[in-house]
Structures are given as C-alpha cells and as structure tokens.
Student: 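Here it is: the structure, laid out below.
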Amino acid sequence: MPELPEVEVVRRGLASWVAGRTVADVQVLHPRAVRRQPAGAGDFTARLTGTTLGTAQRRGKYLWVPLAGTGTGFSLIGHLGMSGQLLVQDPSVPDETHLRVRLRFADGGRELRFVDQRTFGGLAVEEAEDGDPEGTPVSIAHIARDPLDPRFDDEAFTAALRAKRTTVKRALLDQTLISGVGNIYADEALWRTKLHYDRPTATLTRPQAALLLASARDVMTAALAVGGTSFDSLYVNVNGESGYFSRDLDAYGREHEPCRRCGTAIRRAAWMNRSSYFCPRCQRVPRARSGG
DNA sequence: CAGTGGCCCTGTCTGC
DNA sequence: TGCAGACAGGGCCACT
C-alpha cells in the first residue's frame, strides 16, 4: 500500500537507476495499465520510444520522469495504486506474473518493469502544465503539495482544514488539501494527535490542526528513514526489497493489540468501505452532531 | 460549489 | 474440496 514514504523510496530508486538512459523499446502487456493515455497504448509506446529519461519527481503519491530527446515538456507519469511496483530488473529475470509494462533501454542494461496485481495504478506520457517551472504534468496539477515538500504551506493547510465542513480523516485523505497521506499514515497521525477519525474538522483548535500536520510529517519522515512500510511482498523498492516501518506502526493493523500509550486494546472500525484503527481511550468519539 | 459515496480490480483468507 | 464472500483501498466521477 504505497503512500508518500514508499513512493519516495521508489522515486529515489528511479533517480539512481534510470535517469539519463534512453528508451529503446516499450511493451504494454495490459491495456488497463495505460488507461490514462487518451490515445491508447500505441500512442504511449510511440511517445516514449527514443526519449531519454530525466530525474524522477514526486508529488504526493504520483511520480513523473521528465522526457528529453523528442521535444520538451513531456513526462512519463505514474501512480502505483494499491499494488503497483516499478522494478529495475536484469533482462534475464523471468517476467513477473503481473507484469504490465516493460521499458528496455538502448544501453542493454537492466530494464524498467511496471508490475501491478490489482491494476489500480498506471502509467502515461503527458505534457507539463503550461508555464510550470517544475514541469508538473497537467493531470496532477490539482494535487496538493505534500508535507515533505519544502514549499508546503503549513498555515494555509491548517486554515483550510479548519474551514472544511467534513471529518478529519476524510480531510487527511483529500489529495487536493494535502497529498501523500493514505489510510495507514492517516491512522498513525490521528493516533499521535489523539484525535478520533470522525472528529469534525471545524471543531479542531489551531494547535490541534498544527499538531496533526506535524504528526503526519513526523510519521512519514520516520517511515521514509527505514525504507517505508510493507506487510508483504506487494510493496517493494525498485530492487524488490521491503521496508521495515510496519513494526513501528502504533495503530494501523493492530486490532486487539494494546495501545502503546495507555494499554487499551486498539479497535478496528469499518469506515468508508475500508478500516480505521484507533485507540478507543486516547481517541474519543466526538459528540454527536446534528445534521450532516 | 462542496461534500458524499459507488466503483474499479484481483489475490488471499475465512467460513460453511 | 469447493465455493462464496469479505477484505485490501486510491482516485475518479456522478450525484446531491
């Protein structure tokens, strides 16, 4: 379940393994993997072949690699979805079961493979937002900066958060408000801040909002330092290696286990067709609201 | 316009 | 053993 730290690990891998290399050949093995390419797989392949890859960039959970060689302003953009992997593999390694896209390079070295079991992720070649010095692809111009971005505006975020008429976990997962936070790190940030996931954002005090942001930033920074979170082989870096943060999680996936702060059993609640993990003692349910 | 919720997708696990 | 259903869940988009 790649969130910001996991995607950043992949970005670094791409920056060190594929930057500066020229694409010799592209294979799309599953059309759904390039469904965001409006003109289809043939167009994707044509736009990519012969280009030279630049240094991978990231915003939230999106990655993009600027392309040079056949004109400017285009990037290879990717999202890993839930189960996507970008692997840098020796050509002799047998194809993975869920291999969706393969890029071979002119140097004949290790190839780039997009592997995705559930195909929620995907790749596309896309033009940059007009006049954007960072070369942000058009389709992700609406994605907010993430808390590890030096240009993230803390004051603007906390003000926008408190102005929202929604609940706090929903807001954390809203990628137009703050990007890179998924279910795992949302639960972790809420646990650290002692906030219940259904707490109305409008009731947050300024210090609570600031602490929530600091907690999200802290937990993702800590996860990044140990290579991200992974529970199984579904999430790996470009070399197929797992991160170690799962052992440091305080809430997510810890149903029935004692809260590391107060000892109360962590509870799992059904929420928005997924799960929320929280400590029922540290993170009290908000008072009932009238209306929606 | 802002907020809400259905849907996409497949492998793994559990229960009958 | 086989089958059905729950579950994992980010982001898009139709709807209110």
Side-chain angles (χ1 to χ4, degrees), chain A residues 1-8 10 28-38 58-64 77-86 96-101 114-124 126 136-144 146 159-190 197-203 216 220 228-236 242 246 249 251-256 267-278 289-292:
Chain A
M1 288 135 262
E3 299 181 28
L4 188 154
E6 295 73 36
V7 177
E8 175 60 17
V10 172
V28 175
L29 296 104
H30 195 304
R32 191 174 150 77
V34 294
R35 66 189 178 284
R36 289 202 194 166
Q37 193 75 40
R58 182 186 56 73
R59 177 169 295 182
K61 302 170 201 168
Y62 279 93
L63 289 164
W64 72 93
I77 180 174
H79 195 290
L80 302 178
M82 283 181 62
S83 54
Q85 305 172 358
L86 282 165
E96 292 76 9
T97 305
H98 304 291
L99 177 63
R100 309 303 192 195
V101 179
F114 179 66
V115 177
D116 190 0
Q117 175 195 103
R118 286 168 234 180
T119 65
F120 274 36
L123 304 178
E126 205 176 275
T136 314
V138 283
S139 72
I140 60 170
H142 68 289
I143 300 289
D146 61 66
L161 179 71
R162 298 176 67 228
K164 283 268 178 190
R165 304 232 228 304
T166 186
T167 50
V168 66
K169 184 167 174 180
R170 254 191 176 280
L172 283 176
L173 298 180
D174 179 351
Q175 305 294 303
T176 66
L177 195 60
I178 180 172
S179 69
V181 183
N183 205 38
I184 297 173
Y185 296 112
D187 281 1
E188 293 301 302
L190 290 168
Y197 57 88
D198 264 345
R199 175 71 175 268
T201 48
T203 70
M220 291 195 289
T229 301
S230 50
F231 301 101
D232 51 41
S233 59
L234 265 192
Y235 164 70
V236 291
S242 293
S246 57
L249 295 174
Y252 188 87
R254 296 193 68 242
E255 187 180 19
H256 304 316
R267 194 171 293 169
R268 179 174 76 91
W271 180 85
M272 294 280 297
N273 289 323
R274 57 201 65 173
S275 295
S276 269
Y277 295 88
F278 67 106
R289 294 173 294 151
S290 57

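Residue numbering restarts at 1 for every chain, and letters A, B, ... go by the order of the sequence lines. On a predicted model such as this, the values are computed, not experimentally measured, just so you know. Hydrogens, waters and symmetry mates play no part in the numbers below; they use all other heavy atoms, side chains included.
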Student: Rounded to whole angstrom units, what separation is found between the CG atom of A:D187 and the P atom of C:dA8?
Tutor: 11 Å
Student: Think A:R32 has a side-chain N or O under 4.0 angstrom from the OP1 or OP2 of B:dC9?
Tutor: yes
Student: Looking at A:R32 and A:D116, is there a salt bridge between them, counting it only when a charged N and a carboxylate O are closer than 4.0 Å?
Tutor: no
Student: Is any side-chain N or O of A:H79 closer than 4.0 Å to OP1 or OP2 of C:dC12?
Tutor: no
Student: Expressed as a whole number of angstroms, how long is the span from A:H98:NE2 to B:dC9:C1'?
Tutor: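 Taking atom C1' of B:dC9 as the reference, NE2 of A:H98 is at 11 Å.
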Student: Please tell me which of the listed nucleotides, B:dG6, C:dG11, B:dC8, lies nearest to the side chain of A:N273?
Tutor: B:dG6
Student: Would you mind telling me which of C:dA8, C:dG11, C:dG10 lies closest to the side-chain atoms of A:Q175?
Tutor: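 Comparing C:dA8, C:dG11, C:dG10 against the side chain of A:Q175, the answer is C:dG11.
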Student: Would you indicate, yes or no, if C:dC7 has its OP1 or OP2 atom less than 4.0 angstrom from a side-chain nitrogen or oxygen of A:S275?
Tutor: no
Student: Would you say A:Y185 reaches C:dG10's phosphate, i.e. side-chain N/O to OP1/OP2 under 4.0 Å?
Tutor: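 No, no such contact exists.
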Student: Take the protein atom CG of A:L172 and the nucleotide atom P of C:dG10, then report the distance between them rounded to whole Å.
Tutor: 12 Å
Student: What's the CZ-C1' distance between A:R165 and B:dT4, to the nearest Å?
Tutor: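 About 15 Å, once rounded to whole Å.
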Student: For A:W271 and C:dA8, give me the distance from atom CH2 to atom P, rounded to whole Å.
Tutor: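 So the CH2-P distance, A:W271 to C:dA8, works out to 13 Å.
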Student: So, is A:S83 close to the B:dT10 phosphate, meaning a side-chain N or O under 4.0 Å from OP1 or OP2?
Tutor: no
Student: Salt-bridged, A:K169 to A:D187, with N to O below 4.0 Å?
Tutor: yes
Student: Only one of A:R268, A:R267, A:R254, A:E188 forms a side chain to side chain contact (heavy atoms under 4.5 Å, CB included) with A:Y277, so which one is it?
Tutor: A:R268
Student: Does some side-chain heavy atom of A:L4 sit less than 4.5 Å from a side-chain heavy atom of A:R58?
Tutor: yes
Student: Which residue, A:T119 or A:D174, contacts DNA chain B at a nucleotide closer to its 5' end, judged by nearest heavy atom?
Tutor: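 Taking each residue's closest nucleotide, the earlier one in sequence belongs to A:D174.
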Student: Round to the nearest Å and state the distance from A:H30 atom NE2 to B:dG11 atom C1'.
Tutor: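 Going from A:H30 (NE2) to B:dG11 (C1'), I get 14 Å.
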Student: Given atom CZ of A:R274 and atom C1' of C:dG11, what is their separation to the nearest angstrom?
Tutor: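 After rounding, the reported distance stands at 9 Å.
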Student: With side chains defined as the heavy atoms from C-beta onward, is the minimum distance between A:Y185 and A:L172 less than 4.5 Å?
Tutor: no
Student: Can you tell me if A:K164 touches the phosphate of B:dA2, counting only side-chain N or O atoms and a distance under 4.0 Å to OP1 or OP2?
Tutor: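 Result: no.
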Student: So, OP1 or OP2 of B:dT10: does either fall under 4.0 Å of a side-chain N or O from A:Q117?
Tutor: no
Student: Should A:Y62 and A:I77 count as side-chain neighbours, where that means a heavy-atom distance under 4.5 Å?
Tutor: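 Answer yes - side chains close enough.
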Student: Does any N or O donor sit under 3.5 Å from an N or O acceptor when you compare the side chain of A:R170 with the base of B:dG3?
Tutor: no
Student: How long is the line joining CG of A:L63 and C1' of C:dG11, in whole Å?
Tutor: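 Those two atoms, CG and C1', are 15 Å apart.
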Student: Side chain of A:R118, base of C:dA8: donor and acceptor closer than 3.5 Å?
Tutor: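 Indeed, a donor on one side and an acceptor on the other fall under 3.5 Å apart.
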Student: For a quick check of understanding: with a heavy-atom distance under 4.0 Å over all strands, which category does A:R268 fall into, base, sugar-phosphate or nothing?
Tutor: sugar-phosphate
Student: Under 4.0 Å, counting only non-hydrogen atoms across every strand here, what does A:H142 touch: a base, just sugar-phosphate, or nothing?
Tutor: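 Touches sugar-phosphate only.
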Student: Which nucleotide, C:dG10, C:dC12, C:dA8, lies nearest any side-chain atom of A:R36?
Tutor: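 Nearest nucleotide to the side chain: C:dC12.
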